[in-house]
Amino acid sequence: MKKKNIYELDWDDSEPLATDVAFLLFHSVAPNYAFVDDLNKLYGLALRRTDDIALGERSWPLFIYHDPLLHLDYHLIERPPLSGSTAPMWTEGHKLLIVKGERAVTTVATIHDEFCTATPSADPSDLLAIQHTDLLESLRSSFTTTTLIDPSATLPASTSKKTQRDYTSLCNLLEEILDCLDMENICSN
């Protein structure tokens with residue numbers, strides 16, 4: 001009789017799976033529902049409103065979406081009025097897109113690049129490309145800009161102390177938001 005080999009996998013559930021997180025700040029005071037509708041159309045998302053998250057003494061509007069094909073979680077958070085003066089780079093009404101997953105960094109970089117570079121003319125026979133270009137141009141014409149945020153980046157030594165403080169304040173706020181999303185177990189699936 002032949003002896004069978006039995007192998008056991010030693011899986012430690014206490015360690016989280018490797019996940020990239022990327023942040024993109026949209027400088028736009030468009031109403032959140034209209035802005036989310038535009039993002040959904042632009043990038044084939046299905047962001048939907050969920051319960052607000054509580055930060056400080058305010059409720060921050062939150063929209064979520066899970067992309068089952070790319071295994072990405074999207075969280076869009078709007079800074080509410082009277083939410084304090086921390087992280088002055090992110091002002092009231094502006095929206096922060098947080099993407100989690102293996103391709104988060106490249107996904108956010110692609111969106112940022114589209115907002116920062118001129119869009120080539122779409123093929124007149126490609127109606128989806130025309131809609132995409134028109135929507136992107138509409139957002140740009142309403143002065144919607146984006147800022148990539150990398151909390152792990154180090155600022156140059158020549159950066160002013162005020163800018164360093166503001167950036168540290170923003171990074172602390174981002175960490176607080178991530179902690180809040182994790183504590184409340186807010187995921188998009």
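Only this structure's heavy atoms are used, side chains among them; waters, hydrogens and symmetry mates stay out. Residue numbers start at 1 and run along the sequence shown.
Considering all non-hydrogen atoms of both residues, A87 and S169 come closest at N-OG, 2.7 Å. For A30 against F35, the heavy-atom pair with the smallest separation is CB-CB, 4.4 Å. Across every non-hydrogen atom of R49 and P61, the tightest pair is NH2-CB, 3.7 Å. When every heavy atom of P80 is checked against every heavy atom of R58, the shortest pair comes out as CG-CB, 4.1 Å. The nearest pair of heavy atoms linking I149 to L96 is CD1-CD1, 4.2 Å.
Taking the ring centroids of Y43 and H132, they lie under the 6.0 Å cut-off. Residues Y33 and F63 place their aromatic rings such that the two centres sit no closer than 6.0 Å.
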query: Between I111 and L97, does a side-chain contact (heavy atoms from CB on, under 4.5 Å) hold up when you go through it step by step?
result: CA-CA 10 Å; I111 295 170; L97 180 66; 4.1 Å; yes
- prompt: So I53 and I77, side-chain contact (heavy atoms from CB on, under 4.5 Å) or not? Walk me through it.
  reply: CA-CA 9 Å; I53 59 172; I77 301 168; 3.9 Å; yes
task: Walk me through it: do F115 and T147 pass the test side-chain contact (heavy atoms from CB on, under 4.5 Å)?
output: CA-CA 10 Å; F115 274 85; T147 302; over 6 Å; no
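In this structure, K95 pairs ionically with E78, as a charged nitrogen and a carboxylate oxygen lie closer than 4.0 Å. In this structure, D182 pairs ionically with K100, as a charged nitrogen and a carboxylate oxygen lie closer than 4.0 Å.
Judged by distance alone, with hydrogens and angles left aside, the side-chain atoms of T110 form a donor-acceptor pair with the main-chain N or O of T106 at under 3.5 Å. Put simply, the side chain of T117 gets close to the backbone of D113: a donor and an acceptor are under 3.5 Å apart. In this structure a side-chain-to-backbone donor-acceptor pair under 3.5 Å is present from R79 to W90.
Interatomic distance, N172 CG to R165 CZ, rounded to the nearest 0.5 Å: 13.5 Å. The structure places CG of L55 at 5.0 Å from SG of C180, a figure rounded to the nearest 0.5 Å. Once rounded to the nearest 0.5 Å, the distance linking OG of S28 with CG of L39 reads 9.0 Å. With values rounded to the nearest 0.5 angstrom, D73 atom CG is found 5.5 Å from H66 atom NE2. In this structure, the separation between CD1 on I98 and CG on L178 is 5.0 Å, given to the nearest 0.5 Å. The distance from atom CG of D52 to atom CG of L62, rounded to the nearest 0.5 Å, is 7.5 Å.
Hydrophobic clustering of Ile, Leu, Val, Met, Phe, Trp and Tyr side chains at less than 4.5 Å, counting indirect connections, keeps M89 apart from V29. At a threshold of 4.5 Å between side-chain heavy atoms, the hydrophobic network of Ile, Leu, Val, Met, Phe, Trp and Tyr places Y74 and L148 in one connected group. Under a hydrophobic clustering in which Ile, Leu, Val, Met, Phe, Trp and Tyr are joined whenever their side-chain heavy atoms come within less than 4.5 Å, directly or via other members, L45 and L24 fall into the same cluster. One hydrophobic cluster holds both L72 and L42 under the rule that ILVMFWY side chains link at heavy-atom gaps under 4.5 Å. In this structure, V21 is a member of the same hydrophobic cluster as W60, with clusters built from ILVMFWY side-chain heavy atoms closer than 4.5 Å.
At a threshold of 4.5 Å between non-hydrogen side-chain atoms, the residues T144 and R140 do not count as touching. Contact of the V99 side chain with the H75 side chain is not registered, since no non-hydrogen atoms from C-beta on lie closer than 4.5 Å. Looking at heavy atoms from C-beta onward, L170 lies out of side-chain contact with F23 at the 4.5 angstrom threshold. Counting heavy atoms from C-beta outward, D67 and H71 have side chains that stay 4.5 Å or more apart. Counting heavy atoms from C-beta on, the side chains of V36 and N40 come closer than 4.5 Å.
A donor atom on one side chain and an acceptor atom on the other are found under 3.5 Å apart for H112 and T146. Checked by atom type, the side-chain pair T107/R103 shows no donor-acceptor distance below 3.5 Å.
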